[in-house]
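Just so it is clear, the structure is predicted and the values come from calculations on it, not from any experiment. Heavy atoms only: backbone and side chains are in, while hydrogens, waters and symmetry mates are out.
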Amino acid sequence: MKKLLTLCLLFFFAMMQSWAQQDNADYVKANYDKIEQYITMRDGTRLFTSIYMPKDKSKSYPILLNRTPYTVAPYGADKFKQSLGNFPEMMKKGYIFVYQDVRGKWMSEGTFDDIRPTKTKENGHKIDESTDTYDTIDWLVKNLKNNNGKVGMYGISYPGFYSTASLIDSHPALKAVSPQAPVTDWFIGDDFRHGGALFLTDAFRFMYIFDAPRPKPITNEEGPKGFTLPSKDLYKFFMDNPTLSGLKNDYLSHTVKFWDNLEKHTTRDTFWMARTITEHLNAVKPAVMVVGGLFDAEDTYGAFETYKQIEQRNKKNNSILVMGPWYHGGWVRSEGDSFGDIRFGQKTSLEYQQRFELPFFEYYLKGEGKFDPAEATVFITGSNEWTSFDAWPVKNVKEKSFYLSAEGRLCDAPQDGTDSHVEYTSDPNKPVPFQEGTIVDRTREYMIADQRFVANRPDVLVFETDPLPEDLTMVGPIMADLHVSMTGTDADFIVKVIDVYPDSSSATSAIDEKIVMPNYQMLVRGEVLRGKFRNSFSKPEAFTPNEITPVKVTLPDVAHTFKKGHRVMVQIQHTWFPLVDRNPNQFMDIFKAKKEDFIKNTHRLYFDKEHPSKLTFSQL
């Protein structure tokens with residue numbers, strides 16, 4: 001009976017969603033006219049642009065521009081999007097909505113370049129994404145009737161990168177920009193590389209389709225098709241195809257441009273530096289609202305870093321930060337009351353839309369309403385409350401450290417004595433999985449999921465506090481300062497910070513009533529560092545076998561309260577598969593590694609006063 005009731009509820013919600021989508025589609029057709037237009041850039045390249053103009057011509061409207069590599073479909077002046085803007089209420093507020101296929105994608109002319117470098121005097125480039133944005137805005141304000149001369153930009157993920165690019169030498173009409181989960185740095189912390197390590201599953205599946213050649217402009221119906229797993233098991237697939245060269249030869253022969261670049265540029269060289277958009281965020285003039293999710297599997301790093309760089313590079317700026325408990329785009333793709341098993345006690349996405357995104361554009365593009373938010377507004381999970389800060393990272397907070405011990409505890413002080421350590425083995429041929437069960441896809445929920453499924457593995461070290469006597473709130477970046485030795489010459493270091501629920505927890509899962517929440521190990525933050533980049537992402541260094549070496553792993557910012565009675569846990573491991581490609585445990589070019597190059601590594605982690613391994617964070 002209960003199962004039948006659940007099925008009925010799911011059917012009801014699906015029907016409600018379908019009716020809402022149809023209402024939105026009807027609204028678009030009834031209230032907007034569509035224009036398809038090629039806009040010519042300064043070098044003569046024409047970019048395909050879809051324009052939705054309000055039918056009501058009694059007043060002027062600001063322009064909201066979204067530039068994307070993911071297609072502006074549907075194509076055809078008589079074919080309309082199902083909804084406009086980031087969420088339905090936005091399209092009902094009265095804007096001219098403009099969508100553009102970026103250079104070299106879909107129906108636009110030209111050659112596409114992933115995270116195209118910004119033009120500078122040094123590189124001599126004539127165009128970049130900033131000039132394409134400038135030229136587009138210039139055409140729009142001069143040619144669209146009933147526009148009020150003010151333009152806003154927004155975009156999630158890759159369109160977030162194009163939003164960020166618009167801030168460089170921006171058009172005078174551009175008044176408000178919201179980079180949301182923006183692609184920012186593909187070597188240090190976004191999408192395809194973290195800490196110099198390749199995010200294998202994401203890079204392979206994305207580039208399989210995204211980087212496929214396009215000899216001429218095409219519609220979405222003509223576009224390339226995605227990869228189909230032969231066994232429905234990603235872990236097995238990548239173990240059966242153990243080398244990066246083999247993956248390229250057997251599966252990526254049709255789409256090798258960016259994969260080849262990944263292979264050619266295995267350090268943070270000029271190729272990657274030229275593609276780091278935050279290096280150019282000087283003299284930012286528009287109002288900026290950076291938005292991101294604390295549990296965004298793709299671009300958590302990008303949101304924080306974009307905001308930080310605007311602040312550091314512009315003494316006078318008008319930028320704010322909003323971070324919520326969301327997955328990638330969850331602030332407009334869900335109600336935000338839960339994610340995975342974890343409940344947040346309120347509809348955070350709906351509050352964000354009404355409190356931030358709508359007022360932001362209404363105020364700066366129309367001069368309507370009030371918009372006076374805090375410098376940073378962040379939802380702190382655990383305590384489940386929106387908190388305002390006058391700076392991010394937060395100022396005037398206490399720095400605290402937990403020291404790791406040989407007994408598996410997190411302590412307030414390092415251990416006494418000398419040569420205190422644990423010894424263990426990591427085998428890349430038996431890698432630690434990154435999520436539970438058969439891995440048929442890289443789920444977005446892995447960012448917050450229960451970690452009990454690996455806690456008992458001998459190649460996963462576990463350290464935890466006693467039950468906390470009072471709430472403990474961590475805000476900002478976390479540093480894992482480790483002292484290690486190993487028999488090999490390289491290794492990956494994966495550090496996970498976890499909230500362990502007490503035995504007495506009355507929490508219930510948001511998605512499955514059968515989930516046991518007492519002793520639940522909620523992942524708060526995890527990150528990887530490829531060990532050879534411990535001192536520099538540009539100049540990798542081999543480890544000297546059996547020599548004690550410091551390794552510092554910086555984890556992206558957090559905002560989480562470990563409640564009274566909970567425990568703080570740290571897990572340390574050396575594989576996270578197939579999320580991250582396997583390290584052969586040898587100092588070498590992994591793109592050239594053969595199957596037999598992947599060898600076991602015997603590790604030691606040290607805890608004594610001369611070599612204290614610890615976790616350091618800011619405590620609110």
S.K.: Between His574 and Phe493, is the ring centroid distance below 6.0 Å?
M.R.: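 Centroid separation for His574 and Phe493: below 6.0 Å.
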S.K.: Under the criterion ring pair (Phe, Tyr, Trp, His ring centres under 6.0 Å), I'd like the reasoning laid out for Tyr352 against Trp326: C-alpha separation, chi angles, the key distance, then a yes or no.
M.R.: CA-CA 11 Å; Tyr352 157 76; Trp326 304 308; 5.6 Å; yes
S.K.: Can you name the one residue among Tyr403, Phe607, Phe402 that meets side chain to side chain contact (heavy atoms under 4.5 Å, CB included) with Phe463?
M.R.: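 For Phe463, the side chain to side chain contact (heavy atoms under 4.5 Å, CB included) check succeeds only for Phe607.
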S.K.: Got a second to check how far Arg567's CZ is from Thr465's OG1, nearest 0.5 Å?
M.R.: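 Arg567 atom CZ to Thr465 atom OG1 measures 6.5 Å (nearest 0.5 Å).
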S.K.: Please confirm whether Arg444 makes a cation-pi placement over Tyr327, using NZ or CZ under 6.0 Å from the six-membered ring centre and within 45° of the ring normal.
M.R.: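 That pair qualifies as a cation-pi contact.
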S.K.: Identify the residue among Glu464, Gln451, Gln571 that makes a side-chain hydrogen bond (donor to acceptor under 3.5 Å, both in side chains) with Gln521.
M.R.: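 Output: one option passes, namely Gln571.
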S.K.: Pick one: which of Glu407, Arg409, Lys609 meets side chain to side chain contact (heavy atoms under 4.5 Å, CB included) with Gln415?
M.R.: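 Considering Glu407, Arg409, Lys609, a side chain to side chain contact (heavy atoms under 4.5 Å, CB included) with Gln415 is found only for Glu407.
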S.K.: Run the salt-bridge test on Arg343 and Asp337 with the 4.0 Å N-O cut-off and return the result as yes or no.
M.R.: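 Here Arg343 does not pair with Asp337 in a salt bridge, since their nearest N and O are not under 4.0 Å apart.
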S.K.: Strictly below 4.0 Å, N to O, side chains only: are Asp114 and Arg275 in salt-bridge contact?
M.R.: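 No.
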S.K.: For the residue pair Tyr363 and Phe371, does the interplanar ring angle fall in the parallel (under 30°), tilted (30 to 60°) or perpendicular (over 60°) class?
M.R.: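 Rings of Tyr363 and Phe371: tilted, 30 to 60°.
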S.K.: Ring centroid separation for Trp186 and Tyr158, is it under 6.0 angstrom?
M.R.: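 Yes.
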S.K.: Is Ser178 close to Phe361 at the side-chain level, that is, under 4.5 Å between some pair of heavy atoms?
M.R.: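 A side-chain contact exists here, since the closest heavy-atom pair is under 4.5 Å.
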S.K.: What distance separates Glu362 CD from Glu357 CD, expressed to the nearest 0.5 Å?
M.R.: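 If we round to the nearest 0.5 Å, Glu362:CD and Glu357:CD are 11.0 Å apart.
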S.K.: List the steps and the verdict of ring pair (Phe, Tyr, Trp, His ring centres under 6.0 Å) for Phe360 and Tyr154.
M.R.: CA-CA 11 Å; Phe360 175 72; Tyr154 67 100; over 10 Å; no
S.K.: Does Arg442 come within less than 4.0 Å of Asp202, counting only side-chain N to carboxylate O?
M.R.: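 The answer is yes: the pair qualifies as a salt bridge.
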S.K.: Please find out if less than 6.0 Å separates the ring center of Phe543 from that of His603.
M.R.: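 So the answer is no for these two rings.
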S.K.: With a 4.0 Å cut-off, would you call Arg452 and Asp450 a salt bridge?
M.R.: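 Yes, charged N to carboxylate O under 4.0 Å.
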S.K.: First locate atom CZ of Arg268, then atom OG of Ser536, and finally report the distance between them rounded to the nearest 0.5 Å.
M.R.: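 The OG atom of Ser536 is 9.5 Å from CZ of Arg268, to the nearest 0.5 Å.
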S.K.: Is it true that Asp471 and Lys564 make a salt bridge, defined as a side-chain N closer than 4.0 Å to a carboxylate O?
M.R.: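 So Asp471 does not pair with Lys564 through a salt bridge.
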S.K.: Using side-chain hydrogen bond (donor to acceptor under 3.5 Å, both in side chains) as the criterion, point out the one residue from Glu351, Gln353, Gln180 that pairs with Trp331.
M.R.: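 Only match with Trp331 under side-chain hydrogen bond (donor to acceptor under 3.5 Å, both in side chains): Gln180.
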S.K.: When you check the gap from the basic side-chain N to the acidic O, do Asp557 and Arg525 get nearer than 4.0 Å?
M.R.: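 Answer for the salt bridge query: no.
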S.K.: Please name the residue in the list Phe453, Trp576, Tyr446 that meets the ring pair (Phe, Tyr, Trp, His ring centres under 6.0 Å) test with Phe434.
M.R.: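 Considering Phe453, Trp576, Tyr446, a ring pair (Phe, Tyr, Trp, His ring centres under 6.0 Å) with Phe434 is found only for Tyr446.
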S.K.: So does Asp459 pair up with Arg457, basic N to acidic O under 4.0 Å?
M.R.: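 Salt bridge between Asp459 and Arg457, a charged N being under 4.0 Å from a carboxylate O: yes.
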S.K.: Report yes or no: does Ser349 contribute a side-chain atom to a donor-acceptor pair with the main-chain N or O of Ser334 at less than 3.5 Å?
M.R.: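 Such a contact is found between Ser349 side chain and Ser334 backbone.
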